[in-house]
Amino acid sequence: MKAIVAAAALIVPLGAAYANTRAYNIDANTRESFNLRLCGPAVTVTADGDDDTDLDYWLYNSAGQLVHRDLDRTDMMIRTIYRRDGSCGNYRLVVRNLGDIYNRMQLSLDDLA
């Protein structure tokens with residue numbers, strides 16, 4: 001199993017909105033892992049593949065607890081993470097490509113504040 005670790009740090013001045021998007025190739029029949037740092041009271045995590053294969057997703061908090069999973073037959077996941085105190089938190093996104101070819105996935109983190 002191949003793992004890619006990418007940090008997506010989302011730290012911005014108070015009151016400023018941000019969007020952070022990066023593209024990754026998820027190889028055929030592999031599982032990739034991404035470390036995310038989410039800051040603010042509400043951040044939407046969007047993972048959107050190129051529609052070539054089915055991608056499944058698991059999102060874990062810093063305690064290792066599953067906070068969201070998306071196991072449908074698409075390659076897209078959208079989840080908003082709410083943090084009451086607006087502080088930063090570490091999360092891990094695991095992506096599994098169920099197809100026989102790579103999938104070009106866009107990973108976006110959007111501040112809703």
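Bear in mind that the values here come from a model prediction, so they are computed numbers and not experimental data.
Counting non-hydrogen atoms of other residues, nucleotides and ligands closer than 6.0 Å to OH of Tyr102 gives a total of 12 or fewer. For Arg83, the CZ atom counts as densely surrounded, since its 6.0 Å shell holds more than 12 non-hydrogen atoms of other residues, nucleotides or ligands.
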Pair Thr46-Asp48, side chain to side chain donor-acceptor pair (under 3.5 Å): steps then yes or no: CA-CA 6 Å; Thr46 304; Asp48 190 8; over 6 Å; no

Verdict with reasoning, Leu107 to Asn20, per side chain to side chain contact (heavy atoms under 4.5 Å, CB included): CA-CA 8 Å; Leu107 178 58; Asn20 188 3; over 6 Å; no

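Expressed to the nearest 0.5 Å, how far CG of Leu109 lies from CG of Leu38 amounts to 6.0 Å. Rounded to the nearest 0.5 Å, atoms CG (Asn61) and CG (Leu36) are 12.0 Å apart. With rounding to the nearest 0.5 Å, the separation of CG in Leu55 from OG1 in Thr74 is 8.0 Å. From His68, atom NE2 reaches atom OH of Tyr91 across 13.0 Å, with rounding to the nearest 0.5 Å. To the nearest 0.5 Å, the span separating CD on Gln106 from CG on Asp50 amounts to 9.5 Å.
Of all non-hydrogen atoms in Ala47 and Leu93, the two that sit nearest each other are CB-CD2, 4.5 Å. Across all their heavy atoms, Arg73 and Asp54 have their closest contact at C-OD1, 3.6 Å. Scanning both residues, Asp111 and Ala42, for their nearest heavy atoms gives OD1-O, 3.5 Å. For Asp75 against Tyr57, the heavy-atom pair with the smallest separation is O-OH, 2.7 Å. Closest approach of Ile78 and Met76 over heavy atoms only: CD1-CE, 3.5 Å. Shortest non-hydrogen contact noted between Thr53 and Asp100 is CG2-N, 4.4 Å.
The closest side-chain donor-acceptor pair between Asn97 and Asn103, if any, does not fall under 3.5 angstrom. One side chain, Thr30 or Glu32, offers a donor N or O that lies under 3.5 Å from an acceptor on the other. Counting only N and O atoms by type, the side chains of Arg92 and Asn35 include no donor and acceptor under 3.5 Å apart.
Listed for the Asn29 side chain is a donor-acceptor partner under 3.5 Å among the backbone atoms of Gly99.
A continuous path of Ile, Leu, Val, Met, Phe, Trp and Tyr side chains, each step under 4.5 Å between heavy atoms, connects Tyr24 with Val45, placing both in one hydrophobic cluster. Under the 4.5 Å side-chain heavy-atom criterion for Ile, Leu, Val, Met, Phe, Trp and Tyr, Leu66 and Val94 are members of the same hydrophobic cluster. Cluster membership for Ile26 and Leu71, using ILVMFWY side-chain heavy atoms within less than 4.5 angstrom, is not shared. A continuous path of hydrophobic side-chain contacts links Val67 to Val43 [ILVMFWY only; heavy atoms under 4.5 Å].
With contacts defined as side-chain heavy-atom distances shorter than 4.5 Å, the pair Met105/Phe34 qualifies.
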